[in-house]
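Just so it is clear, the model here is predicted, and its values are computed rather than measured.
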Amino acid sequence: MKVTKAVIPAAGLGTRVLPASKAVPKEMLNIVDKPAIQYIVEEAVAAGITDILIVTNRGKGVIEDHFDHSFELEAKLKGNPSKAKILEEVEACANLANIYYVRQKETKGLGHAVLCAKSFVGNEPFAVMYGDDVIISEDPVVGQLCRAYEKYGCGVVGVKEVPRKDVPKYCTLDVTPLEERVMQVHNIIEKPTPEQIMSCYSILGRVVMPPEIFDLIEKTPADPKSGEVYFTDAMLDLARRGKLNAVDFVGTRYDMGNKLGIMQANCEVALQHPEIGADFKAYLKQLAATL
């Protein structure tokens with residue numbers, strides 16, 4: 001079944017990038033000239049996804065405004081022929097896809113945020129595109145996962161190998177190969193100790209799930225310490241049933257919930273930007289010579 005729906009959880013508080021995220025949602029922090037969440041939406045659209053639900057919370061109305069028409073701004077730009085290209089880009093934001101919103105009214109973790117999408121998704125497969133993760137690729141990463149879902153009919157997680165010392169920050173997977181870049185997942189351990197590491201593959205930013213994942217989330221108990229419902233626990237249930245695969249995706253991931261990740265994204269995207277790329281490259285060379 002073709003995947004046409006995506007969910008973007010964007011309800012996090014952004015504590016790792018304070019004070020920048022105190023008044024501006026971290027999903028709206030810029031990478032050169034576009035907010036991070038626009039790159040995620042554009043990735044979904046490029047993969048053929050037509051309907052997107054963004055899970056927000058209090059104080060994130062600016063995300064809705066960004067993907068809506070701004071009639072006053074557009075009218076002003078229309079009156080200036082030299083601003084035609086900017087007008088086209090501004091109007092495009094409102095026409096990318098059918099974008100819907102729901103609020104996660106309690107901070108209960110990623111599993112609960114995904115559960116907020118149950119009525120939106122219905123009985124269809126859907127992508128989850130983490131709001132912290134911008135992934136740049138000529139072949140949209142979520143599209144790479146969708147193709148694997150459509151081929152095997154199983155849930156799919158996007159993974160990359162991370163340095164062994166960093167695996168405890170993420171998760172570790174027990175996998176066996178199915179074909180090039182596609183593996184079956186047998187076990188997942190969230191934030192493992194060094195002794196628990198099964199491989200250096202970690203889930204990073206993109207998954208495609210069957211609708212049955214909602215029943216598994218509802219049966220997943222909240223963590224007694226944090227009160228959060230861990231999405232990984234529900235995906236582990238899929239893996240134990242032999243219904244979860246992994247795709248070692250092709251793409252460069254930037255962690256937009258991390259100050260260094262934000263700077264790396266801005267630097268590397270700026271180098272490829274058609275308007276400023278050449279000048280920025282020259283500037284970096286000049287700066288590097290002084291370091």
**Asked** With a cutoff of under 4.5 Å between side-chain heavy atoms, which Ile, Leu, Val, Met, Phe, Trp and Tyr residues group with Val90?
**Response** Leu73, Leu77, Ile86, Leu87
**Prompt:** Would Val162 and Tyr201 show up in the same hydrophobic cluster when neighbours are defined by side-chain heavy atoms closer than 4.5 Å?
**Reply:** no
**Request:** Would you name the heavy atoms of Ile197 and Ser199 that are closest together and state the gap between them?
**Result:** CG2-O, 3.4 Å
**Asked** Does Met198 sit in a hydrophobic cluster with other residues, and if so which ones, taking ILVMFWY side chains as linked at heavy-atom separations under 4.5 Å, directly or through other members?
**Response** Ile189
**Request:** Applying ring pair (Phe, Tyr, Trp, His ring centres under 6.0 Å), name anything that partners Phe67, two or more places apart in sequence or on another chain.
**Result:** none
**Asked** Under 4.5 Å between any side-chain heavy atoms of Thr172 and Ile188, yes or no?
**Response** no
**Which residues share a salt bridge (Lys or Arg N to Asp or Glu O under 4.0 Å) with Glu124, sequence neighbours left out** = Lys5
**Message:** Just verifying a value: how many Å separate Ile54 CD1 and Ile40 CD1, rounded to the nearest 0.5 Å?
**Reply:** 9.0 Å
**Prompt:** In terms of hydrophobic clusters joined by side-chain contacts under 4.5 Å, are Val142 and Leu53 together?
**Reply:** no
**Asked** Leu236 and Leu204: same hydrophobic cluster, using ILVMFWY side-chain contacts below 4.5 Å?
**Response** no
**Item:** Residue pair Gln38 / His66, side-chain donor-acceptor N/O under 3.5 Å
**Value:** yes
**Request:** Could you tell me whether the side chain of Leu238 reaches within less than 4.5 Å of the side chain of Glu212, counting heavy atoms only?
**Result:** yes
**Message:** Working to the nearest 0.5 angstrom, can you tell me the gap between Gln104 CD and Glu106 CD?
**Reply:** 8.5 Å
**Asked** Any idea which heavy atoms bring Asn57 and Ala11 closest together, and the distance?
**Response** ND2-O, 2.5 Å
**Prompt:** Backbone N or O of Val269 within a donor-acceptor pair of the Gln272 side chain at under 3.5 Å?
**Reply:** no
**Asked** Is Lys34 close to Glu42 at the side-chain level, that is, under 4.5 Å between some pair of heavy atoms?
**Response** yes
**Asked** Looking at NZ of Lys243 and CZ of Arg240, how far apart are the two atoms once the value is rounded to the nearest 0.5 Å?
**Response** 15.0 Å
**Message:** Are Tyr149 and Val3 packed together at the side-chain level, in the sense that at least one heavy-atom pair is separated by less than 4.5 angstrom?
**Reply:** yes
**Complete:** Hits for ring pair (Phe, Tyr, Trp, His ring centres under 6.0 Å) against His69, two or more places apart or cross-chain, chain-then-number order -> Phe71
**Exercise: do Asp139 and Ser137 side chains pair donor with acceptor under 3.5 Å** = no
**Pairs satisfying ring-ring contact (aromatic ring centres under 6.0 Å, His included), at least one member in residues 169-199, at least two apart** = none
**Item:** Set of side-chain contact (heavy atoms from CB on, under 4.5 Å) partners for Asn123, sequence neighbours left out
**Value:** Pro211
**Item:** Pairwise distance NZ(Lys219) to CG(Asp237) - rounded to 0.5 angstrom
**Value:** 8.5 Å
**Non-hydrogen side-chain atoms of Met256 and Glu27 separated by less than 4.5 Å** = no
**Message:** Does Glu190 form a salt bridge (Lys or Arg N to Asp or Glu O under 4.0 Å) with Lys169? I'd like the steps, not just the answer.
**Reply:** CA-CA 8 Å; Glu190 185 77 22; Lys169 299 177 188 176; over 6 Å; no
**Request:** Report yes if some heavy atom in the side chain of Ile31 is under 4.5 Å from a heavy atom in the side chain of Tyr254; otherwise report no.
**Result:** no
**Request:** Answer with yes or no whether the hydrophobic clustering places Val157 together with Tyr230; edges join I, L, V, M, F, W, Y residues whose side-chain heavy atoms lie under 4.5 Å apart.
**Result:** no
**Request:** Assess whether side chain to side chain contact (heavy atoms under 4.5 Å, CB included) is satisfied between Leu145 and Val141, documenting all intermediate values.
**Result:** CA-CA 7 Å; Leu145 272 60; Val141 169; 4.2 Å; yes
**Request:** Following the transitive rule for hydrophobic clusters with a side-chain heavy-atom cut-off under 4.5 Å over Ile, Leu, Val, Met, Phe, Trp and Tyr, establish whether Val55 and Val114 coincide in one cluster.
**Result:** yes
**Complete:** Across all chains, not counting sequence neighbours, the ring pair (Phe, Tyr, Trp, His ring centres under 6.0 Å) partners of Phe214 are Phe126
**Request:** Taking all heavy atoms of Pro192 and all of Pro168, pick out the closest pair and write down the distance.
**Result:** O-CB, 3.3 Å
**CA sep, side-chain torsions, deciding dist, call: Val32, Glu275, side chain to side chain contact (heavy atoms under 4.5 Å, CB included)** = CA-CA 11 Å; Val32 185; Glu275 187 179 331; over 6 Å; no
**Prompt:** Looking only at heavy atoms, what is the nearest atom pair of Val24 and Met28, with distance?
**Reply:** CG1-CB, 3.9 Å
**Message:** Nearest 0.5 angstrom please: Ser202 OG to Glu161 CD, how far?
**Reply:** 9.5 Å
**Item:** Side-chain touch Lys281/Lys285, heavy atoms, less than 4.5 angstrom
**Value:** yes
**Asked** Would a distance-only check, ignoring hydrogens and angles, find a side-chain to backbone donor-acceptor pair under 3.5 Å from Asn95 to Glu91?
**Response** yes
**Asked** Just by modelled atom types, is the Asp33 backbone N or O under 3.5 Å from a matching donor or acceptor in the Asn30 side chain?
**Response** no
**Prompt:** Would one find more than 12 heavy atoms of other residues, nucleotides or ligands at under 6.0 Å from atom CD of Gln286?
**Reply:** no
**Fill in**
Between the OG1 atom in Thr56 and the OH atom in Tyr101, the distance rounded to the nearest 0.5 Å is 8.5 Å
**Asked** Between Ala222 and Gly227, which heavy-atom pair has the shortest distance, and what is it?
**Response** CB-O, 3.6 Å
**Chi angles and distances behind the side chain to side chain contact (heavy atoms under 4.5 Å, CB included) call for Arg181, Phe249** = CA-CA 7 Å; Arg181 308 194 82 88; Phe249 62 78; over 6 Å; no
**Message:** Minimum heavy-atom separation for Pro25 and Ile63, please, with both atom names.
**Reply:** CB-CD1, 4.4 Å
**Message:** So Asn98 and Ile52, do their side chains get closer than 4.5 Å, heavy atoms only?
**Reply:** no
Which atom pairs, donor and acceptor, lie under 3.5 Å between side-chain atoms of residues 128-136 and protein residues at least two apart or in another chain?
from: Asp132; atom 1: OD1; to: Lys26; atom 2: NZ; distance (Å): 3.3
from: Asp133; atom 1: OD1; to: Arg253; atom 2: NE; distance (Å): 2.5
from: Asp133; atom 1: OD1; to: Arg253; atom 2: NH2; distance (Å): 2.9

**Request:** Please identify each residue that fulfils side-chain contact (heavy atoms from CB on, under 4.5 Å) with Asp215, with sequence neighbours left out.
**Result:** Lys118, Glu218
**Fill in**
Those residues at least two apart in sequence (or on a different chain) that pass side-chain contact (heavy atoms from CB on, under 4.5 Å) with Leu178 are Tyr152, Val182, Gln184, Asn245
**Request:** With sequence neighbours excluded, tell me which residues meet salt bridge (Lys or Arg N to Asp or Glu O under 4.0 Å) with Asp223.
**Result:** none
**Asked** Should Val185 and Asp174 be marked as a side chain to side chain contact (heavy atoms under 4.5 Å, CB included) after you check the CA-CA gap, both sets of side-chain angles, and the distance that decides it?
**Response** CA-CA 6 Å; Val185 180; Asp174 177 25; over 6 Å; no
**Prompt:** With the threshold set at 4.0 Å, does a side-chain nitrogen-carboxylate oxygen contact exist between Lys85 and Glu89?
**Reply:** yes
